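Below you'll find the structure, written out as structure tokens, and then a few comments.
Here the structure is a predicted model, which is why all the values come from computation and not from measurement. Reckoned from all heavy atoms, side chains included, excluding hydrogens, waters and symmetry mates.
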Amino acid sequence: MSDVDVRDNPSEHRFELTVDGELAGMAVYRVRDGLTVVTHSEIDRRFRGQGLGNVLASRTLDQLRAQGARVYPACPFFAKYVAEHHEYDDIIED
């Protein structure tokens, strides 16, 4: 099993997903007026088809919740993810 991790990189304004220490994906965000807007996400082509987009979304949202953030999912993937995972309704802004 691969070592999968998601960490916030505030200097780059993104959550980074790594697989065995290699950057495999990211969720880019900006913070405006106390609202975290997830603007874009992507998984590197070499890592697609493994469900890592869902891992990136869930772990990013879990970390934002732990920070007390309110989230607006402008990224189409994140918008679809939260529409299907109502456990994040408490932190999502429409």
Once rounded to the nearest 0.5 Å, what's the spacing between atom [atom1] of [X] and atom [atom2] of [Y]?
X: Leu61; Y: Glu87; atom1: CG; atom2: CD; result: 9.0 Å
X: Thr36; Y: Gln67; atom1: OG1; atom2: CD; result: 7.0 Å
X: His13; Y: Arg30; atom1: NE2; atom2: CZ; result: 11.5 Å
X: Ile92; Y: Arg65; atom1: CD1; atom2: CZ; result: 8.5 Å
X: Gln63; Y: Phe15; atom1: CD; atom2: CZ; result: 5.0 Å

Nearest non-hydrogen partners of [X] and [Y], listed with the distance:
X: Val71; Y: Pro73; result: O-CD, 3.8 Å
X: Arg59; Y: Asp5; result: NH1-CA, 3.8 Å
X: Ala74; Y: Thr39; result: CB-CA, 4.4 Å

Co-membership, hydrophobic cluster, residues [X] and [Y], 4.5 Å side-chain:
X: Leu17; Y: Met26; value: no
X: Val28; Y: Leu64; value: no
X: Phe78; Y: Tyr72; value: no
X: Val55; Y: Phe77; value: yes

Does a side-chain heavy-atom distance below 4.5 Å link [X] with [Y]?
X: Asp62; Y: Tyr88; answer: yes
X: Tyr81; Y: Cys75; answer: no
X: His86; Y: Asp89; answer: yes
X: Ile43; Y: Leu56; answer: yes
X: Glu22; Y: Phe47; answer: yes

(request) State whether the side chain of Asp20 and the backbone N or O of Ser2 hold a donor-acceptor pair below 3.5 Å, judged by distance alone. (result)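 Between the backbone of Ser2 and the side chain of Asp20 there is no qualifying donor-acceptor contact (under 3.5 Å).
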(message) Has Thr60 got a side-chain atom pairing as donor or acceptor with Ala57's backbone, closer than 3.5 angstrom?
(response)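 Side chain of Thr60 to backbone of Ala57, a donor-acceptor pair under 3.5 Å: no, none is there.
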(request) Begin with the C-alpha distance, continue with both residues' side-chain angles, and end with the deciding distance and a verdict on salt bridge (Lys or Arg N to Asp or Glu O under 4.0 Å) for Arg14 and Asp8. (result) CA-CA 6 Å; Arg14 67 187 190 186; Asp8 189 7; over 6 Å; no
(request) Identify which one of Asp44, Val6, Val4 satisfies the side-chain contact (heavy atoms from CB on, under 4.5 Å) criterion when paired with Leu52. (result) Val4
(message) Applying side chain to side chain donor-acceptor pair (under 3.5 Å) to Ser11 and Asn9, what does each step give before you reach the verdict?
(response) CA-CA 6 Å; Ser11 65; Asn9 181 344; 2.8 Å; yes
(request) Assess whether atom CZ of Arg48 is packed by more than 12 heavy atoms of other residues, nucleotides or ligands within 6.0 Å. (result)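 Counting neighbours around CZ of Arg48, more than 12 heavy atoms of other residues, nucleotides or ligands fall under 6.0 Å, so yes.
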(request) Check the pair Arg70, Glu93 against salt bridge (Lys or Arg N to Asp or Glu O under 4.0 Å), reporting the backbone distance first and the verdict last. (result) CA-CA 7 Å; Arg70 302 290 301 162; Glu93 289 284 334; 2.7 Å; yes
